[in-house]
*Asks:* 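Before anything else, here's the structure in question.
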Amino acid sequence: MADGSGAWTELRESESVGPLTTQLVYRAVRVVVRRRRFPPPNDHGTWDSDAITEVAHEFLLDLSSGGTLSAGRLSRLVAQATDEASFERLVHKTVLNYLRQQARGSARGAVLEQLRHALGRIDGVDRTVSHAWSLEHCAGELEFAGDPSDLIAAAYGVDDVRLVRWNSDTRRSPLAESDSLRRVLLDVLAAADAPVTESVMVEVAIARFPLAIEPAPMEFKDEENAHPDLVPAEAMEMAQDIWDQLSSEERVLLAVPDLTVRAVADLLGVGKSTVDRRRHSISEVIRSYGPALVTTEVIGILRQAASVLEALGTHDPGSASETSEEA
Amino acid sequence: MGADDLDGVMGLHVPRIDEAVGEPAMGEIWRLRWDRAAVLAIIGQVRPHDVDAYALVELGRPEVGTLRIDHAETGLGVLDVAARHVVAVSRAVLDARLATTSLGSAIEAVADSPRQPWDYGPEELIEAVEELEEFRMIAWAPSVDRQTEPSASGEDYFDELVDAGLPVNRALAISSRSATPTDEETEIIERTTGQRPAAPAVAPALRIAIDRPRRKHAILRRAQAAGVSEGEVRLELARDAEPALLAARGTRGAPPDYDLVVDRLLEDDA
């Protein structure tokens with residue numbers, strides 16, 4: 001969209017939400033929930049138009065503040081953006097962060113239940129009248145008021161912690177194998193040497209076991225696509241999103257996927273370790289979307305990126321996602 | 001389309017944030033910008049050439065190692081400061097001040113506390129820090145303090161420049177990196193040595209003058225009009241300032257007024 005004709009301009013000139021802004025947010029929600037596989041709101045079984053509208057509405061009009069906080073958020077995004085394209089990227093990013101926080105909110109409840117279940121079964125651990133958890137010898141002391149990062153460090157200091165291979169698509173995985181979790185919790189309480197509130201225990205557990213708060217995976221189905229495969233327009237959009245996250249040097253590698261590392265190194269005049277590093281970086285970007293979304297069609301588009309996408313002018317050397325560290 | 005159902009939000013007032021430029025101070029929220037990349041950050045310690053900056057992000061709820069800024073204080077929504085990770089950034093990236101906060105002393109306390117390793121936290125917090133880190137690398141000119149006499153390797157370079165046809169005084173100034181080659185000299189040097197001359201160091205006072213936030217917009221306008229980067233415009237200003245600085249030097253070797261010289265170079269764009 002050409003500068004001067006989008007949501008950023010609409011907000012700057014009118015200082016109010018208009019149709020261009022609502023369309024942008026709606027579109028951002030729709031794209032982000034598909035790419036990142038967020039589960040739909042509790043009262044919706046799928047990401048239909050109503051579900052997307054509900055989330056977009058909440059994002060634009062935070063009901064708990066009567067819209068004040070949402071307006072402040074938009075004011076901030078307008079101030080940060082430098083043009084229409086950057087504003088659109090910021091809105092997408094902010095919608096993604098908003099959805100992450102919503103998902104974490106429900107995930108925290110699940111983590112708290114696991115902790116209560118685990119702590120309640122450990123001999124020598126008491127629950128105080130204020131619902132904090134403590135080792136027996138310090139149950140009557142004041143609650144821990146130190147730095148939670150010290151407790152997180154203690155949690156990471158436990159050796160031989162085993163996680164659980166989990167195959168369910170509907171239930172969250174346990175934080176860790178039960179004995180491992182028991183040892184971690186005991187070391188945390190020992191490090192605190194004081195009762196620890198449940199909110200701090202949840203913080204420590206999430207920091208130690210970050211995978212525990214990933215949204216439960218789901219099969220994406222919506223009323224427009226009975227089959228989860230991406231249609232061509234969406235495949236192009238997905239490829240564009242991946243392309244934008246790659247550096248110029250990484251993009252070049254997409255055109256030569258079948259060459260050996262040595263052959264690519266010779267071709268580009270760089271070291272083999274450099275080629276390895278760049279290929280690993282590309283893999284990490286693609287892996288972050290998940291195999292269900294990065295289809296063979298998307299890969300095919302990316303492999304033509306050096307010629308097709310460059311010719312379409314979709315490569316933006318001034319984008320914020322490019323690193324400036326390549327000498 | 002579903003967007004048409006968002007009636008309840010149409011017309012929601014989204015106030016425009018007042019922007020100001022001036023000298024940065026601890027606790028202020030600034031937009032940092034370099035060419036088309038921009039982030040918001042809160043300022044910590046301020047030094048002549050750079051400032052400490054902390055990433056800002058909206059987390060939904062406070063996390064370990066963050067400081068919270070309420071919406072009532074800034075009008076920017078609820079923001080969280082990644083207080084455990086400071087990034088030193090050049091003054092050249094300071095674009096506009098958006099708000100002032102009362103977090104100055106809290107940030108100072110964090111600055112004095114032992115640093116914790118940054119290896120955990122919500123994804124958006126880590127991503128915000130990584131975006132700010134990209135601004136750490138921005139340096140449009142090498143730093144300063146160099147000798148006027150050429151170094152051992154500089155003597156070879158001096159000889160090359162003289163052999164290329166440059167006058168001795170220019171060859172001396174360029175090889176000791178006390179002067180910027182003109183476009184014509186750059187072409188000559190590249191043709192005869194096979195290498196473009198490296199960007200010379202810029203005098204500290206000149207860098208400070210060029211990097212003052214109040215000049216940022218004029219520099220950006222010039223860069224966009226010419227289709228070049230901010231860094232190239234700043235280097236060009238540094239180069240163009242040299243003869244003017246020499247002429248403006250006061251009696252008995254008194255230092256020139258760098259701000260005046262840079263202002264004059266930019267006033268043609270006004």
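Chain A is the first sequence line, chain B the second, and so forth, proteins listed ahead of strands; every chain is numbered from 1.
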*Asks:* Need one label for B:Glu130: side chain, backbone, both or neither, based on atoms under 4.5 Å from any heavy atom in chain A.
*Replies:* neither
*Asks:* List the atom of B:Ala38, the atom of A:Thr82, and the distance in Å for their closest heavy-atom pair.
*Replies:*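 Closest heavy-atom pair between B:Ala38 and A:Thr82: CB-CG2, 3.9 Å.
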*Asks:* I'd like to know whether A:Arg76 forms a salt bridge (Lys or Arg N to Asp or Glu O under 4.0 Å) with B:Glu58, so could you lay out the CA-CA distance, the side-chain angles of the two residues, the decisive distance to 0.1 Å, and finally the verdict.
*Replies:* CA-CA 11 Å; A:Arg76 183 179 77 241; B:Glu58 186 183 340; 2.8 Å; yes
*Asks:* Report the C-alpha distance between A:Leu61 and B:Leu12 in whole Å, list the side-chain angles of each, state the deciding distance to 0.1 Å, and finish with yes or no for side-chain contact (heavy atoms from CB on, under 4.5 Å).
*Replies:* CA-CA 8 Å; A:Leu61 186 64; B:Leu12 174 70; 4.1 Å; yes
*Asks:* Identify which part of A:Arg73 has an atom lying under 4.5 Å from any heavy atom of chain B, answering side chain, backbone, both or neither.
*Replies:*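 Looking at A:Arg73, backbone and side chain both touch chain B.
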*Asks:* Check whether B:Arg16 gets within reach of chain A through its side chain, its backbone, both or neither, counting any heavy atom under 4.5 Å.
*Replies:*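 Both backbone and side chain.
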*Asks:* If you compare all heavy atoms of B:Val9 against all heavy atoms of A:Val17, which two are closest, and at what distance to 0.1 Å?
*Replies:*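 Reported closest heavy-atom pair: O-CB, 3.5 Å.
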*Asks:* Taking A:Gln80 as the fixed residue, which of B:Asp95, B:Leu40, B:Leu32 is the one that meets the side-chain contact (heavy atoms from CB on, under 4.5 Å) rule?
*Replies:*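 Among the candidates, only B:Leu40 passes.
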*Asks:* Using a 4.5 angstrom heavy-atom cutoff, name the option from B:Arg33, B:Glu131, B:Glu19 with the most pairs to chain A.
*Replies:*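 Highest number of pairs under 4.5 Å: B:Arg33.
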*Asks:* Identify which part of B:Leu98 has an atom lying under 4.5 Å from any heavy atom of chain A, answering side chain, backbone, both or neither.
*Replies:* side chain
*Asks:* Is the closest side-chain heavy-atom distance between A:Ser149 and B:Arg84 below 4.5 Å?
*Replies:* yes
*Asks:* Contact part of A:Arg208 toward chain B, heavy-atom cut-off under 4.5 Å: side chain, backbone, both or neither?
*Replies:* neither
*Asks:* Side chain from CB out, backbone as N, CA, C, O: work out which of these in B:Ile17 comes under 4.5 Å of a heavy atom of chain A, or both, or neither.
*Replies:* side chain
*Asks:* Between B:His71 and A:Leu69, is there a side-chain heavy-atom distance shorter than 4.5 Å?
*Replies:* yes
*Asks:* Does the distance from a Lys or Arg side-chain N to an Asp or Glu carboxylate O, for B:Glu127 and A:Lys93, drop under 4.0 Å?
*Replies:*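 Salt bridge between B:Glu127 and A:Lys93, a charged N being under 4.0 Å from a carboxylate O: yes.
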*Asks:* Roughly how far, to the nearest 0.5 Å, is the NE2 atom of B:His13 from the CD atom of A:Glu15?
*Replies:*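 Going from CD on A:Glu15 over to NE2 on B:His13, the span is 5.5 Å.
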*Asks:* Between B:Leu79 and chain A, which part of the residue has a heavy atom less than 4.5 Å away: side chain, backbone, both or neither?
*Replies:* side chain
*Asks:* Given a strict heavy-atom distance threshold of 4.5 Å, which part of A:Ile52 is in contact with chain B: side chain, backbone, both, or neither?
*Replies:*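 When you check distances to chain B, no heavy atom of A:Ile52 falls under 4.5 Å.
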*Asks:* Please look at A:Thr21 and chain B and tell me whether the side chain, the backbone, both or neither of the residue comes under 4.5 angstrom of a heavy atom of that chain.
*Replies:*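 No part of A:Thr21 comes within 4.5 Å of chain B.
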*Asks:* Could you report the tightest heavy-atom contact between B:Gly75 and A:Ser75, atom names first, then the distance?
*Replies:* O-CB, 4.1 Å
*Asks:* For the candidates A:Val29, A:Leu11, A:Thr68, A:Leu24, which exhibits the highest count of non-hydrogen atom pairs separated by less than 4.5 Å from chain B?
*Replies:*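 The residue among A:Val29, A:Leu11, A:Thr68, A:Leu24 with the greatest pair count is A:Thr68.
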